[in-house]
Amino acid sequence: VQLQAFGGGSVQAGGSLRLSCAVSGGTSSGYRMGWFRQAPGKEREFVAAIATGGSRYYADSVKGRFTISRDGVKNTVYLQMNSLKLEDTAVYYCAQRRGGSFDLKSSYDYWGQGTQVTVSS
């Protein structure tokens, strides 16, 4: 399984971006997918996850602003990010897991390469 994240960029605070994660060698619909992020000098942290049945989970810091979704036909998972804040600046990673807790890095088996999101004032 290979994951490729893209769609990052630079945006002003309050703006929006949509990240995409293309899944190859497997499917996005048959597995549990998640997004994590890592800011400079900080640990990689959970952002959002979507389960096989479609249930969605979010970190408190992004709830109400970010939306995770997937397109089973395109084998792609998305992270729509609205009302971006300075503290959302980070490298964003998509990942896939077979089981375990949705918010733990150790639960994920495959990772994409990351895409940079920079929010400026």
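Note that the structure is a prediction, hence the values are computed from the model and not measured.
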**Report entry** Evaluation steps, side-chain contact (heavy atoms from CB on, under 4.5 Å), between Lys85 and Arg65
**Finding:** CA-CA 10 Å; Lys85 304 177 180 180; Arg65 301 187 297 121; 3.7 Å; yes
**Report entry** Any donor-acceptor N/O pair, Arg44 side chain to Ala39 backbone, under 3.5 Å
**Finding:** no
Query raised in the report: To the nearest 0.5 Å, what is the distance between CG (Asn82) and CZ (Phe66)?
Result: 8.5 Å
Query - Steps toward ring-ring contact (aromatic ring centres under 6.0 Å, His included) verdict (Phe36, Phe46) - result: CA-CA 4 Å; Phe36 286 73; Phe46 168 74; 5.7 Å; yes
Query raised in the report: To the nearest 0.5 Å, what is the distance between OH (Tyr92) and OG1 (Thr115)?
Result: 10.5 Å
Query - Main-chain N/O of Ala5 paired with Gln113 side-chain donor or acceptor, under 3.5 Å - result: yes
Query raised in the report: Under a 4.5 Å cut-off applied to non-hydrogen side-chain atoms, are Arg56 and Thr67 in contact?
Result: yes
Query - Gln12 side, atom CD; Leu86 side, atom CG - distance, nearest 0.5 Å - result: 10.5 Å
Requested in this report: Test side-chain contact (heavy atoms from CB on, under 4.5 Å) on Ser16 and Val11 and set out the steps.
Outcome: CA-CA 7 Å; Ser16 299; Val11 63; over 6 Å; no
Query raised in the report: Can you list the steps and then say if Glu43 with Lys105 is a side-chain contact (heavy atoms from CB on, under 4.5 Å)?
Result: CA-CA 10 Å; Glu43 293 287 321; Lys105 298 187 298 290; 4.3 Å; yes
Requested in this report: Could you list the residues that satisfy salt bridge (charged side-chain N to carboxylate O under 4.0 Å, His left out) with Lys63, not counting sequence neighbours?
Outcome: Asp60
Query raised in the report: Name the one of Val91, Thr89, Asp88, Val117 that satisfies side-chain contact (heavy atoms from CB on, under 4.5 Å) with Arg37?
Result: Asp88
**Report entry** Under 3.5 Å: donor-acceptor pair, side chain of Arg97, backbone of Met33
**Finding:** no
Query raised in the report: What's the shortest heavy-atom distance between Gly53 and Arg70, and which atoms?
Result: N-NH2, 4.2 Å
Report task. Treating Ile, Leu, Val, Met, Phe, Trp and Tyr as nodes and any side-chain heavy-atom pair under 4.5 angstrom as an edge, say whether Tyr58 and Val119 lie in one connected cluster. Result -> yes
Report task. Enter the distance from Cys21:SG to Gln96:CD here, rounded to the nearest 0.5 Å. Result -> 8.5 Å
Query raised in the report: Would a hydrophobic clustering, with Ile, Leu, Val, Met, Phe, Trp and Tyr connected at side-chain separations under 4.5 Å, put Trp35 with Val1?
Result: yes
Requested in this report: Give the intermediate values and the outcome of side-chain contact (heavy atoms from CB on, under 4.5 Å) for residues Tyr78 and Leu19.
Outcome: CA-CA 6 Å; Tyr78 303 98; Leu19 305 183; over 6 Å; no
**Report entry** Joint hydrophobic cluster, Val62 plus Tyr93, side-chain heavy atoms closer than 4.5 Å
**Finding:** no
Requested in this report: Measure the CD-OG distance between Gln4 and Ser24 for me, rounded to the nearest 0.5 Å.
Outcome: 8.0 Å
Query raised in the report: Do other residues, nucleotides or ligands put more than 12 heavy atoms under 6.0 Å from the CD atom of Glu87?
Result: yes
Report task. Taking atom types as modelled, find out whether Tyr108 and Arg98 have a side-chain donor-acceptor pair closer than 3.5 angstrom. Result -> no
Query raised in the report: Sub-3.5 Å donor-acceptor pair from the side chain of Thr76 to the main-chain atoms of Lys74, do we have one?
Result: yes
Query raised in the report: Any chain of hydrophobic side-chain contacts (each under 4.5 Å) joining Leu79 to Phe102?
Result: no
Report summary line: CD1 (Ile50) and OG (Ser55) are apart, to the nearest 0.5 Å, by 8.5 Å
